[in-house]
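Since the model is a prediction, treat every value here as computed from it, not as a measurement.
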Amino acid sequence: MGASQSSTASSVGSPHLSTSMSDHYHRPGVDSHCSHITWPSDNLRVYFGITIGAEVKCFPSSGGVYVHHCSPMELDFLDLPRCDSVPPSSDPAVEDAFCARLQLLGAKWFPSIANKHEHDGEKIFKVRVPPGEDDIHFFGVTSEGGLWVLAIDELGGWEKGVGRIENAANMEDKCKEIEKLGGVFYANPRDCPLLDFRGLDGPLKRDQGPNDEIRHQEL
């Protein structure tokens, strides 16, 4: 028992272990230096982690970055490949059009990638999380270009079983589920107070995805 206690105390106090854990389980926003780290995924349109779906980013011409974790069905909606990473468009007009489309899904805008990392850390470690930040939002885009929105807190989400919304096979089914669970409809998505278009004034409805010219291009 004494040897075990000694070994534990030595490990906890070991600078080598502390550095290793900090590097592996970085805490942006808590360990301030981590928000300045550049990750390989930072400049990708689509990034795959360890959960279903993918993180999708776009870079509007006005600056900053929009980020949204998309379900497989939402990747289809954006005309993005489900299993391949692609770069952003080099054409500012195409990139802005994609950002407007991504915003329909509730993408969050950040001043920079570093700020996004910091925000993630604050949510994980519950540091300075603003009221309502933990609310759950679902967005469904109709074929006519309207928007169904459900905003609910975590407890209400559990009670209604809102996770079923993400089981929708397509965007039409998602809209129907949001409506059944008490969602709000906006004929003009720009009227939704939960969306932040930040000057993106291009069309929100397209016959083809705005990223078609690079959708199959792999890094």
Side-chain angles (χ1 to χ4, degrees), residues 41 44-60 65-89 94-109 135-154 156-197 200-218:
S41 63
L44 293 178
R45 163 79 80 229
V46 181
Y47 168 68
F48 302 97
I50 61 173
T51 59
I52 191 170
E55 181 181 86
V56 176
K57 294 188 290 294
C58 66
F59 303 85
V65 56
Y66 282 104
V67 183
H68 180 65
H69 190 91
C70 292
S71 68
M73 182 273 290
E74 289 176 329
L75 291 173
D76 293 343
F77 171 76
L78 295 169
D79 294 305
L80 290 172
R82 288 193 176 199
C83 300
D84 295 318
S85 294
V86 296
S89 174
V94 172
E95 189 69 2
D96 281 353
F98 183 86
C99 287
R101 190 78 166 160
L102 186 63
Q103 180 56 202
L104 291 175
L105 302 178
K108 187 174 180 62
W109 181 86
D135 285 356
I136 306 168
H137 299 149
F138 296 92
F139 300 87
V141 186
T142 69
S143 57
E144 295 80 17
L147 189 73
W148 278 100
V149 181
L150 178 65
I152 193 168
D153 61 28
E154 186 173 355
W158 279 105
E159 291 174 345
K160 288 192 172 186
V162 296
R164 74 188 75 185
I165 295 173
E166 297 299 350
N167 291 335
N170 51 55
M171 191 59 76
E172 181 181 359
D173 287 346
K174 186 177 184 182
C175 289
K176 291 178 180 178
E177 289 301 320
I178 293 175
E179 180 180 8
K180 285 195 297 185
L181 292 172
V184 177
F185 179 72
Y186 297 90
N188 183 353
R190 296 185 187 280
D191 293 335
C192 176
L194 295 175
L195 299 186
D196 182 8
F197 287 98
L200 296 170
D201 54 4
L204 299 180
K205 183 181 177 184
R206 297 178 61 95
D207 294 329
Q208 292 183 316
N211 212 35
D212 280 348
E213 79 277 15
I214 61 169
R215 61 180 297 192
H216 298 301
Q217 181 180 357
E218 296 183 32

Can you measure from [atom1] ([X]) to [atom2] ([Y]) and round to the nearest 0.5 angstrom?
X: Ile136; Y: Ile165; atom1: CD1; atom2: CD1; value: 9.0 Å
X: Phe139; Y: Leu194; atom1: CZ; atom2: CG; value: 5.0 Å
X: Arg82; Y: Leu80; atom1: CZ; atom2: CG; value: 11.5 Å
X: Cys99; Y: Leu104; atom1: SG; atom2: CG; value: 11.5 Å
X: Trp148; Y: Phe185; atom1: CH2; atom2: CZ; value: 6.5 Å
X: Gln103; Y: Leu195; atom1: CD; atom2: CG; value: 4.5 Å

side-chain hydrogen bond (donor to acceptor under 3.5 Å, both in side chains) partners of residues 172-186, not counting sequence neighbours, each pair once =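 Matches after skipping sequence neighbours: Glu74-Lys174, Glu177-Lys180.
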Any donor-acceptor N/O pair, [X] side chain to [Y] backbone, under 3.5 Å:
X: Glu95; Y: Ser89; value: yes
X: Tyr66; Y: Phe197; value: yes
X: His69; Y: Ile52; value: yes
X: Ser71; Y: Gly53; value: no

Can Val65 and Trp109 be said to form a side chain to side chain contact (heavy atoms under 4.5 Å, CB included), step by step?
-> CA-CA 6 Å; Val65 56; Trp109 181 86; over 6 Å; no
So [Y] and [X], do their side chains get closer than 4.5 Å, heavy atoms only?
X: Val67; Y: Val56; answer: no
X: Met73; Y: Met171; answer: yes
X: His137; Y: Leu150; answer: no
X: Leu78; Y: Leu105; answer: yes

Is NZ or CZ of Arg45 both nearer than 6.0 Å to the six-membered ring centre of Phe59 and within 45° of the ring axis?
->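 No.
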Should the pair Arg164-Glu166 be classified as a salt bridge under the 4.0 Å nitrogen-to-oxygen rule?
->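 So Arg164 does not pair with Glu166 through a salt bridge.
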[X] to [Y] - nearest heavy-atom pair and separation:
X: Pro81; Y: Leu75; answer: O-CD1, 4.1 Å
X: Pro189; Y: Gly146; answer: CG-C, 4.4 Å
X: Phe98; Y: Cys58; answer: CD2-CB, 3.6 Å
X: Gly140; Y: Cys175; answer: C-SG, 3.3 Å

Would you check, one step at a time, whether the test side chain to side chain contact (heavy atoms under 4.5 Å, CB included) holds for Val149 with Ile178?
-> CA-CA 7 Å; Val149 181; Ile178 293 175; 5.8 Å; no
Taking Phe77 as the fixed residue, which of Val141, Leu102, Asn170 is the one that meets the side-chain contact (heavy atoms from CB on, under 4.5 Å) rule?
->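 Among Val141, Leu102, Asn170, the one meeting side-chain contact (heavy atoms from CB on, under 4.5 Å) with Phe77 is Val141.
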